[in-house]
Amino acid sequence: MVKANGKAGNGPVPAEPILSVRNLRAYYQMQYFGIDREVRAVDDITLQVNRNEIYGVAGESSCGKTSLIKTIAAANRPPLNVIGGSVKYSFLDRDIFRMSEEELSRVRWKHLSYIMQGSMNVLNPVRRIRKSFIDFAFRHINKPEREFFDIVARHLERLRLSPSVLKAYPHELSGGMRQRVTIALATICRPEFIIADEPTTALDVVVQKDVLAMIREVQQEMGSSILFVTHDMTVHANMADRLGIMYAGRLVEEAPTREIFANPLHPYTAHLIQSLPRIGDLSPKKALPGAPPNLSDPPAGCRFHPRCPLAMDICRRENPALTALRPGHRVACFAASSEVRPVSEIRETVPPKVAEARS
Amino acid sequence: MRSYGIYVLTRFAQFLLVVFIGISLTFFITHLSPIDPVEQMIAGMTAMGQSDPEAVSLMRTALQELYGTGGPLIEQYFTYWGRILSADFGPSLSSFPTPVSVLIGRALPWTIGLLATCTVISWVFGNLLGGLAGYFRENRMLKLAGVIIMGFHPVPYYIIAFVLLIIFGLMWPILPTSGGAAANLPRGWNAEYLISVLRHSILPAASIILVGLGGWFMGMRALVSNVITEDYVTYAELGGVKRSRILPFYVIRNALVPQVTGLAMSLGAIFNGAIIVEFVFSYPGLGRLLISAVYAGDYGLVLGVTTISIVAVSAAVFLIDILYPVFDPRVKLA
């Protein structure tokens, strides 16, 4: 089992940001029969990812996770439009939205790569794997073709793939192999920043474990940062150094992984963590009443208030800002900010053995 | 490779089976119908007044011999197959005694020349423009091209043929309007004759291409707009793969697979001839031959044209089946 990164929560790490997102807003803007419809999938999100860090984004389906990272990668296509805010990478001299398609294509894969959702099906079905490697990586690795494929073969071996997969078409490989091929493809240029969108969701837990370990291994060897998105909290527990929780298009809480599992401050996060199965815990899990809000017409104030057991009057009127209640722990909740629990209480809480719970 | 050999063999067996069934069906449909070409011919001749019973009976035997219609049905069936395998469909009724195979052989190059070229041209341009229009959806020139092409598409091609005929044959007579080549020129592979063939083919070709383009264009545009939403295209875009690489190898290449099947089917279908266009422009192809054969009740000729068409369509399907793994590697598994 991949062990949770020990760095998390162990005092202040010199934070050198590789990605900083400021007040990012991206809406789906559509028109049906002349009526404008706006879905606020990414609403005022501010976050920062540091060098050599795995930042996890969690949240239930349709909370805007994929829209967020698509926007961060400047891969949003209409109708998903950026309304405001900025996305800056340390390897770019300006905001990513100010860059031309041409300039971006020089950066993509060399500095910024992407493991897509459902990445078992992202390979061109009529193109051999070696051609895909040429398409994606050849222009970044300035080597003659033979040397290039030597590098590729060595890299594939690191991911326990035989170089013979290069001759194959995607459909001739198993799902897990294709997954590893896309990871190899995403890491071959040793990019500083990798965005991983549900990279293991379609895999069974055994393969998932291997794939996660490989991602972790490659990341540590290259010192890259990963923005890791999944709805699976157990995967986050194993992978992420820091974790951001999204609800209805907003970031509601952010803290080092250990801290968030031990001491969730937002009621939504608390429910999310409570719903995880644990060994020896036979009590039935309670579902949160209600459903996530419709993002084209979100509730006023805090978007979680209709389902929140702690909702107060102010929650219905005003939108809580994401504020740091403890060092490195930000939360957007009026109830949490009004009664921050003492540090001692946090220390006493035993962190859930999520790793065990998974098996 | 061995599995591919088996694949080809099974497909070839299928091809033979389809041809066998098709030709047998044409045989039984024509031979079970109450129209007997021999009796018809005799009736035509005896109506002139001559009716010596012995001569008639001799003539009947001779004609039955010629057409292979003597004896019981099953015996006729075997004779029929023997004749088909030796490409002998007997003499034509309407241009007696020229054999059917000679008539078809004369018409075939015209039809193939005209229709194969037209089909390939409209396929290439339709797919090219459709592919570009589907990929660069915001481009104004391509939008305009789309509107024009789609405007032509629903017009029946004989209307376009007539309009072209009126414009270029009557109002502004710069192009020949009938025949396959100038009648006074000797046939041969010389520049003068070939240019004449080309000039004669412009109007029929234009009317076929203008209409045919729309189908390919529409199909390709729809396919491409589908393919560009596929994960592998998004992924390639995210990977910063150049558009000049994404368009041909990721988009067009994937969208083309069904279009190739379509091309094979339409190439097979050209052996029916383009009946109306050939008729309007008096083009000496199979379509016109077929029409006149039907009018004249020329039994052998109709059978000959049908047989060729059956073989051609099934051969096209067979060819595309065995070439399919080249276009879509996933088919190998089938």
Side-chain angles (χ1 to χ4, degrees), chain A residues 66 69-70 72-78 80 99-129 131-140 167-172 178 181-182 185-186 188-189 191 194-195 197 202, chain B residues 1-4 7 127 131 134-139 143 220 223-263 320-321 323-334:
Chain A
T66 297
I69 56 170
K70 266 192 186 156
I72 286 179
N76 55 309
R77 298 275 173 272
L80 178 61
M99 301 192 51
S100 68
E101 204 57 43
E102 176 78 9
E103 289 169 305
L104 269 176
S105 98
R106 254 176 268 143
V107 174
R108 290 199 193 283
W109 242 247
K110 189 170 177 59
H111 300 289
L112 169 66
S113 77
Y114 205 112
I115 303 173
M116 241 173 89
Q117 190 165 25
S119 70
M120 280 158 66
N121 305 316
V122 300
L123 296 165
N124 188 344
V126 296
R127 215 156 164 72
R128 292 182 199 275
I129 305 291
K131 291 272 189 187
S132 291
F133 271 95
I134 290 186
D135 289 348
F136 281 82
F138 190 63
R139 70 213 141 90
H140 296 309
K167 287 194 224 92
Y169 285 102
H171 71 272
E172 294 167 336
R178 262 178 280 171
V181 166
T182 56
L185 209 49
I188 181 77
C189 301
I194 301 168
I195 293 172
D197 188 2
Chain B
M1 223 44 226
R2 198 171 149 267
S3 69
Y4 183 67
Y7 172 80
N127 280 315
Y135 191 62
F136 300 105
R137 264 179 295 187
E138 302 303 317
N139 186 300
K143 272 187 184 166
M220 193 61 178
L223 282 165
V224 164
S225 355
N226 245 330
V227 169
I228 56 173
T229 62
E230 291 284 345
D231 281 347
Y232 49 81
V233 176
T234 320
Y235 186 60
E237 283 173 355
L238 273 174
V241 178
K242 290 220 165 59
R243 285 198 149 196
S244 56
R245 211 166 247 252
I246 293 182
L247 182 62
F249 299 124
Y250 286 74
V251 177
I252 303 276
R253 182 67 180 67
N254 275 291
L256 212 53
V257 175
Q259 295 292 82
V260 171
T261 319
L263 175 66
I320 207 60
D321 265 352
L323 286 179
Y324 222 85
V326 179
F327 297 106
D328 191 344
R330 286 166 292 186
V331 170
K332 268 183 205 159
L333 299 176

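As the structure is a computational prediction, the values presented were derived from the model and not from experiment.
Separating the CD1 atom in A:Ile129 from the OH atom in A:Tyr169 is a distance of 10.5 Å, to the nearest 0.5 Å. How far CD1 of B:Ile252 is from CG of B:Leu247: 4.5 Å, rounded to the nearest 0.5 Å. Considering NE2 of A:His140 and OG of A:Ser113, their distance stands at 9.5 Å, rounded to 0.5 Å.
Applying the salt bridge (Lys or Arg N to Asp or Glu O under 4.0 Å) test to pairs two or more places apart or on separate chains, those with a residue in residues 225-242 of chain B are A:Arg77-B:Glu237.
Cation-pi check for A:Arg127 over B:Phe249 is met; the charged atom lies under 6.0 angstrom from the ring centroid and within 45 degrees of its normal.
The contact list for residues 253-261 of chain B toward chain A, using heavy atoms and a distance under 4.5 Å, reads B:Arg253, B:Asn254 by residue number.
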Go through the steps for A:Asp135 and B:Arg245 under the test side chain to side chain contact (heavy atoms under 4.5 Å, CB included), then give the verdict. CA-CA 8 Å; A:Asp135 289 348; B:Arg245 211 166 247 252; 2.4 Å; yes
